[in-house]
Colleague: 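Supplied in structure tokens, the structure appears directly below.
Note that the structure is a prediction, hence the values are computed from the model and not measured. Here is how names work: the chains are called A, B, and so on, in the same order as the sequence lines, proteins then strands, and each is numbered from 1.
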Amino acid sequence: MLSSEILDAVSTSFSVFFQGKNFIRLLMGLWVTISIAAVSVVLSIFFGTIFGMIMTIKNRVVRILSKIYLEFMRIMPQLVLLFLAYYGLTRSLGISLSGETASILVFTLWGTAEMGDLVRGALQSVPRHQYESGMAIGLTNRQIFCHIVLPQTLRLLVPMSMNLVTRMIKTTSLVVFVGVIEVVKIGQQIIEGNRLKVPTCSIAVYAVIFFMYFFVCWVFSLLANILEKRQKE
Amino acid sequence: MALLEVQHLRKSFDEHEVLKDISFSVEKGEVIVIVGPSGCGKSTLLRCINGLESIQGGTILLDDEVISNRTKDMHLIRQKVGMVFQSYDLFPHMNVLNNILLGPLKAQKRNRAKVEKEALEWLERVGLPDKAHSYPRQLSGGQKQRVAIVRALCMHPEVMLFDEVTAALDPEMVREVLDVLMNLAEDGKTMLIVTHHMEFARAVADKVIFLDSGLIVEETTPAQFFNHPASERGRKFLQNFTFEIRKK
């Protein structure tokens with residue numbers, strides 16, 4: 001008796017997706033999420049590579065400053081950073097950023113730090129002998145970097161950065177707090193809009209959002225696994 | 001006129017003086033083996049000649065040109081001084097052929113077809129004709145080291161430095177690498193070899209340099225050094241390689 005009632009409730013809750021454009025709207029929300037993540041990832045890879053190279057410079061001041069930046073970005077909750085960028089900048093400096101811009105700014109700053117640390121690790125994992133072998137065949141430092149160090153670094157880096165990409169995609173769920181209409185926000189709107197017609201729909205909406213996040217991140221996890229395996233061969 | 005000349009070379013790491021006033025010369029086509037206890041500065045000496053270490057005194061001349069402590073064009077000098085290391089550092093992301101071609105193509109900008117032909121001939125000569133498209137991880141230590149030697153040879157260096165090239169190898173692979181060196185010596189290549197294989201040193205060398213605590217203790221023919229070492233330190237060192245028979 002009870003179980004069939006629950007089943008009924010669940011199946012009616014899913015009916016929200018067949019009303020109007022609810023499902024399409026949710027997909028469009030997912031698109032917002034993914035595009036914020038994608039722009040941030042691309043920028044993070046670019047700036048992170050530069051930051052990682054800076055971190056390998058043997059200079060105390062440079063090293064301390066970059067360490068402070070890295071730790072600050074790691075320790076601060078992304079939500080606090082988002083509030084700082086969205087509300088803080090407006091209040092203190094009068095710079096008013098849109099929610100999207102603030103999000104991309106914060107995720108790029110964070111991603112640059114994390115990516116930089118990965119790049120640093122990968123660069124330093126190339127043994128000194130590799131540099132010396134390059135020198136011994138008369139290559140210039142630049143040629144050693146381009147033909148020997150960089151290719152080996154990238155091979156290590158690609159699977160490791162996949163992990164960062166999935167973390168970024170998941171963390172974008174926070175941007176709802178700075179007024180960005182992304183997948184979670186649209187989900188909430190759908191729930192609100194159907195409160196009277198389908199009062200139980202929240203479970204269905206969140207379940208669908210769950211699977212959306214899952215599939216997007218899963219693709220990257222799979223990719224990381226494939227790449228890692230290929231590397232070991 | 002000597003091809004390579006080392007004059008009053010001094011090298012120290014911080015306070016510790018590793019090489020104290022080293023002088024010797026290498027004629028074209030000569031094979032010099034450097035022996036000595038570990039930590040005596042053999043490897044450092046080779047690294048100084050190839051400019052991998054800066055030196056604190058003296059000069060190194062190649063073809064009457066000063067090659068020591070140059071900063072700007074050291075990469076050009078290194079093209080004339082080939083070096084093979086103990087740890088056979090092939091580039092893991094490239095196959096054997098590309099490992100060999102990298103230097104000639106990028107550093108020397110030579111013609112690809114010609115270098116490739118030469119590389120394949122060398123691979124054939126060192127017994128690896130079918131490995132051109134293998135990756136380093138698919139090769140044994142001895143095979144990797146032979147590729148590393150070919151990689152250095154294809155740069156057409158005027159002198160080759162071998163820094164304990166068999167030290168990291170399993171015993172059964174030592175021979176195949178030493179045979180390659182022997183072969184090169186017969187070809188008239190100018191070589192400076194650091195090794196712990198005394199039998200090999202005796203067989204391959206035109207001249208033996210015995211180095212101890214940063215000084216050249218003996219510089220003589222292999223026959224002289226191995227049969228009648230002139231110095232007490234030389235005798236002591238050679239005793240490390242012989243065993244008294246226990247049961248009479």
Colleague: As an exercise: rank B/Gly103, B/Ala107, B/Ala152 by heavy-atom pairs under 4.5 Å with chain A and give me the winner.
Modeller: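 Of the candidates given, the most pairs with chain A belong to B/Ala107.
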
Colleague: Examine whether an atom of A/Gln143 lies under 4.5 Å from a heavy atom of chain B, and if so say whether it belongs to the side chain, the backbone or both; otherwise answer neither.
Modeller: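 The side chain, not the backbone.
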
Colleague: Donor-acceptor pair, A/Gln130 side chain versus B/Leu90 backbone, under 3.5 Å?
Modeller: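 Side chain of A/Gln130 to backbone of B/Leu90, a donor-acceptor pair under 3.5 Å: yes, one is there.
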
Colleague: Taking every non-hydrogen pair under 4.5 Å, which of B/Met155, B/Gln79, B/Lys106, B/Lys80 racks up the most with chain A?
Modeller: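 Heavy-atom pair counts peak at B/Lys106.
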
Colleague: What part of B/Leu52 gets closer than 4.5 Å to chain A, counting heavy atoms only: side chain, backbone, both or neither?
Modeller: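 When you check distances to chain A, only side chain atoms of B/Leu52 fall under 4.5 Å.
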
Colleague: Is B/Val84 in contact with chain A via its backbone, its side chain, both, or neither, using a 4.5 Å heavy-atom distance?
Modeller: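 Interface part for B/Val84: neither.
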
Colleague: Counting only heavy atoms not in A/Met28, do more than 12 sit closer than 6.0 Å to its CE atom?
Modeller: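 It does not: A/Met28 CE has 12 such atoms or fewer within range.
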
Colleague: Would you say NZ of B/Lys207 has more than 12 non-hydrogen atoms from neighbouring residues, nucleotides or ligands within 6.0 angstrom?
Modeller: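 Yes, NZ of B/Lys207 has more than 12 neighbouring heavy atoms, counting only those of other groups under 6.0 Å.
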
Colleague: Report, as yes or no, whether the 6.0 Å neighbourhood of atom CZ on B/Arg110 holds more than 12 heavy atoms from other residues, nucleotides or ligands.
Modeller: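 Yes, because the 6.0 Å sphere around CZ of B/Arg110 holds more than 12 heavy atoms from other groups.
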
Colleague: For B/Phe91, is it the side chain, the backbone, both or neither that has a heavy atom under 4.5 Å from a heavy atom of chain A?
Modeller: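 Both parts, backbone and side chain.
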
Colleague: Are there over 12 heavy-atom neighbours, none belonging to B/Lys109, within less than 6.0 Å of that residue's NZ?
Modeller: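 Count over threshold, so yes.
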
Colleague: Name the option with the most non-hydrogen atom pairs under 4.5 Å to chain A; the candidates are B/Pro104, B/Ala148, B/Ser87, B/Gly51.
Modeller: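 Most pairs with chain A among the choices: B/Ser87.
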
Colleague: Does any part of the side chain of A/Glu132, heavy atoms only, come nearer than 4.5 Å to the side chain of B/Met83, both counted from C-beta?
Modeller: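 With C-beta onward as the side chain, the pair stays apart.
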
Colleague: Is the OH atom of A/Tyr87 crowded by more than 12 outside heavy atoms at less than 6.0 Å?
Modeller: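 Enclosed.
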
Colleague: Looking at A/Asn141, I want to see if its CG is surrounded by more than 12 non-hydrogen atoms of other residues, nucleotides or ligands under 6.0 Å.
Modeller: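 No, CG of A/Asn141 has 12 or fewer neighbouring heavy atoms, counting only those of other groups under 6.0 Å.
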
Colleague: For A/Arg142, which atoms come within 4.5 Å of any heavy atom of chain B: side chain, backbone, both, or neither?
Modeller: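 For A/Arg142, neither part sits under 4.5 Å from chain B.
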
Colleague: Name the option with the most non-hydrogen atom pairs under 4.5 Å to chain A; the candidates are B/Leu102, B/Asp73, B/Val81.
Modeller: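 Option with the greatest count: B/Leu102.
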
Colleague: A/Met135 pairs by side chain to side chain contact (heavy atoms under 4.5 Å, CB included) with which of B/His75, B/Arg78, B/Met74?
Modeller: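 That would be B/Arg78; it is the only one of B/His75, B/Arg78, B/Met74 passing the side chain to side chain contact (heavy atoms under 4.5 Å, CB included) with A/Met135.
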
Colleague: When you measure from the side chain of B/His93 to the backbone of A/His147, do you find a donor-acceptor pair of N or O atoms at a distance under 3.5 Å?
Modeller: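 Yes: the side chain of B/His93 pairs with the backbone of A/His147.
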
